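Keep in mind it's a predicted model, so treat the numbers as computed, not measured.
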Amino acid sequence: MSAAVGDAPEVTAEDVRLIDLTKRFGGDVLAVDHLDLHIPAGSFFALLGPSGCGKTTTLRMIGGLEVPTSGRVFLGDEELTDRKPYRRPVNTVFQNYALFPHLNLTDNVAFGRRRKGEKGSDLDAEVQRMLELVQLGPMGDRRPSALSGGQQQRVALARALINHPKVLLLDEPLGALDLKLRKQMQLELKRIQTDVGITFVHVTHDQEEAMTMADTIAVMRAGRVEQLGSPVELYERPRTEFVANFLGQSNLLEGTVTGHDGDQALVEVHGVKVRAPAEDVPDAGPVRIGVRPEKIRLVPAGTSEERGERNELDAVITDSSFIGVSTQFQVRTSWDQELTVFAQNRVPSDELRGGAPVRLRWSPEQSFALVGSEH
């Protein structure tokens with residue numbers, strides 16, 4: 001699917017709009033395929049997807065670093081399609097920070113403005129304000145070599161933001177950082193975006209990174225937007241198998257719709273009745289019912305509880321792995337399908353071991369339905 005511009009809210013002067021945007025390389029490689037996208041002003045927007053899905057090419061066309069094969073790029077009603085990169089109110093922060101090693105932080109941040117002939121106390125004050133924004137205020141006289149990777153990334157951000165772009169493009173800016181620092185910088189980037197209030201368009205292949213920072217995520221596949229929505233919407237209600245498995249893990253059960261009961265669909269899965277929200281589920285026919293591994297509660301077989309309406313399946317534990325805050329269980333159903341369950345490590349249970357029969361329980365509201373085949 002593609003996120004249609006026509007479905008977007010009223011356009012403001014600083015919304016990014018991509019209309020029927022296509023990019024081919026060498027005539028044969030279709031990197032971006034007739035893409036329509038509306039990015040609201042002031043949002044933190046993520047383009048998420050695997051390598052080769054077209055996300056970086058899309059970002060580069062917004063910034064003017066790639067020329068579209070066809071289609072148009074707008075900022076509000078102002079067309080940018082044929083405009084040179086330096087004439088667009090857009091700045092880009094890359095994975096490699098490209099700081100000048102012979103200049104201190106103050107001079108690195110001021111570089112672009114000084115090249116335009118600006119100088120004096122007003123510029124000095126603006127540079128200091130930007131360094132303080134990225135929490136490097138006292139470090140203006142240091143060289144980049146004296147900084148950590150995360151600090152260098154903050155300098156690159158300050159250098160871009162001092163130009164007051166209407167849109168800041170972030171091309172996998174945290175990819176070179178180690179895991180702990182990357183998580184810290186995710187929170188820093190979100191804080192900075194909230195403080196400055198301009199549009200951030202962030203490219204990443206890291207699902208957790210996108211969900212941590214972005215207001216809206218466009219999951220891309222084969223040059224198109226597979227699904228567009230908030231992190232919660234994409235995770236809880238994926239529309240395709242690709243999205244369900246790209247954002248986290250999913251257990252998918254093949255079944256047949258046998259009817260509806262109020263706002264729930266009734267589905268038969270290998271002789272077992274399960275329920276799911278009826279939204280987007282037809283009255284009859286094949287369907288896949290999905291449930292996230294952490295939504296399932298694993299209990300020893302024979303455990304009796306009265307917890308109201310729920311879905312239940314019988315299975316056998318085939319493997320388990322301790323992963324810190326939780327244990328990952330692999331279980332096999334009676335029809336020989338392997339499922340994954342994450343159980344939070346609260347109270348150890350000797351009954352949940354390899355070969356043990358168990359019952360899987362989850363709420364119907366925690367299921368989602370996928371209809372139709374993958375394209």
Side-chain angles (χ1 to χ4, degrees), residues 1-4 6-9 38 40 48 207 210-211 214-219 221 225-299 301 303-315 329 331 333-335 337 339-344 358-375:
M1 63 167 283
S2 187
D7 296 335
H38 173 237
L48 173 68
Q207 47 159 322
M211 290 195 290
D215 307 313
T216 305
I217 301 172
V219 181
R221 180 189 188 196
V225 172
E226 185 89 352
Q227 188 174 344
L228 178 72
S230 70
V232 171
E233 178 186 351
L234 295 177
Y235 190 81
E236 300 290 352
R237 291 290 180 265
R239 294 184 197 146
T240 70
E241 183 177 340
F242 177 81
V243 174
N245 287 321
F246 194 79
L247 274 81
Q249 292 180 249
S250 295
N251 297 301
L252 299 178
L253 307 171
E254 300 283 347
T256 302
V257 180
T258 60
H260 283 74
D261 180 11
D263 59 356
Q264 294 183 348
L266 308 179
V267 181
E268 183 171 321
V269 177
H270 295 273
V272 180
K273 297 289 186 181
V274 301
R275 293 170 175 261
E279 184 181 4
D280 298 327
V281 178
D283 293 333
V287 67
R288 283 165 294 168
I289 297 300
V291 58
R292 299 288 188 180
E294 74 279 5
K295 306 288 189 184
I296 300 173
R297 200 163 57 90
L298 196 67
V299 298
T303 301
S304 60
E305 289 185 64
E306 291 298 329
R307 295 179 58 89
E309 200 171 66
R310 59 173 171 253
N311 291 325
E312 295 191 354
L313 296 176
D314 289 323
F329 291 94
V331 302
T333 66
S334 59
W335 59 90
Q337 181 178 352
L339 304 178
T340 300
V341 179
F342 295 151
Q344 190 170 0
V358 291
R359 178 150 284 193
L360 314 182
R361 292 174 171 163
W362 74 96
S363 167
E365 288 73 28
Q366 293 176 325
S367 304
F368 57 87
L370 303 178
V371 181
S373 60
E374 292 284 279
H375 58 74

Excluding sequence neighbours, so at least two apart, what forms side chain to side chain donor-acceptor pair (under 3.5 Å) with [X]?
X	answer
Ser250	Arg292
Ser230	none
Gln207	none
Asp314	Arg359

Minimum-distance pair of heavy atoms, taken over all atoms of [X] and [Y]:
X	Y	value
Leu298	Leu360	CD1-CD2, 3.0 Å
Glu226	Phe242	OE2-CB, 3.7 Å
Asn311	Pro364	ND2-CA, 3.6 Å
Ala276	Ile289	CB-CD1, 3.7 Å
Pro231	Asp215	CD-O, 3.5 Å
Tyr235	Gly248	CE1-CA, 4.4 Å

* Around Gln249, counting heavy atoms of other residues, nucleotides and ligands shown, do more than 12 lie under 6.0 Å from its CD? -> yes
* Is the closest side-chain heavy-atom distance between Leu48 and Leu247 below 4.5 Å? ->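 The answer is yes, as the side chains (C-beta and beyond) meet within the 4.5 Å cut-off.
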Give every donor-acceptor pair under 3.5 Å between a side-chain atom in residues 253-260 and any protein atom, sequence neighbours left out.
| residue | atom | partner | partner atom | Å |
| --- | --- | --- | --- | --- |
| Thr258 | OG1 | Leu266 | O | 3.3 |
| His260 | NE2 | Val281 | O | 3.4 |

* Would you say the side chains of Gln366 and Glu236 form a donor-acceptor pair under 3.5 Å? -> no
* Asked: Backbone N or O of Arg239 within a donor-acceptor pair of the Gln227 side chain at under 3.5 Å?
  -> yes
* Asked: Can you check whether Glu294's main-chain N or O pairs, donor with acceptor, with Gln344's side chain at less than 3.5 Å?
  -> no
* Asked: Can you list every pair that meets ring-ring contact (aromatic ring centres under 6.0 Å, His included) and has a residue in residues 269-297, with sequence neighbours left out?
  ->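 Listed once each, the pairs are His270-Trp335.
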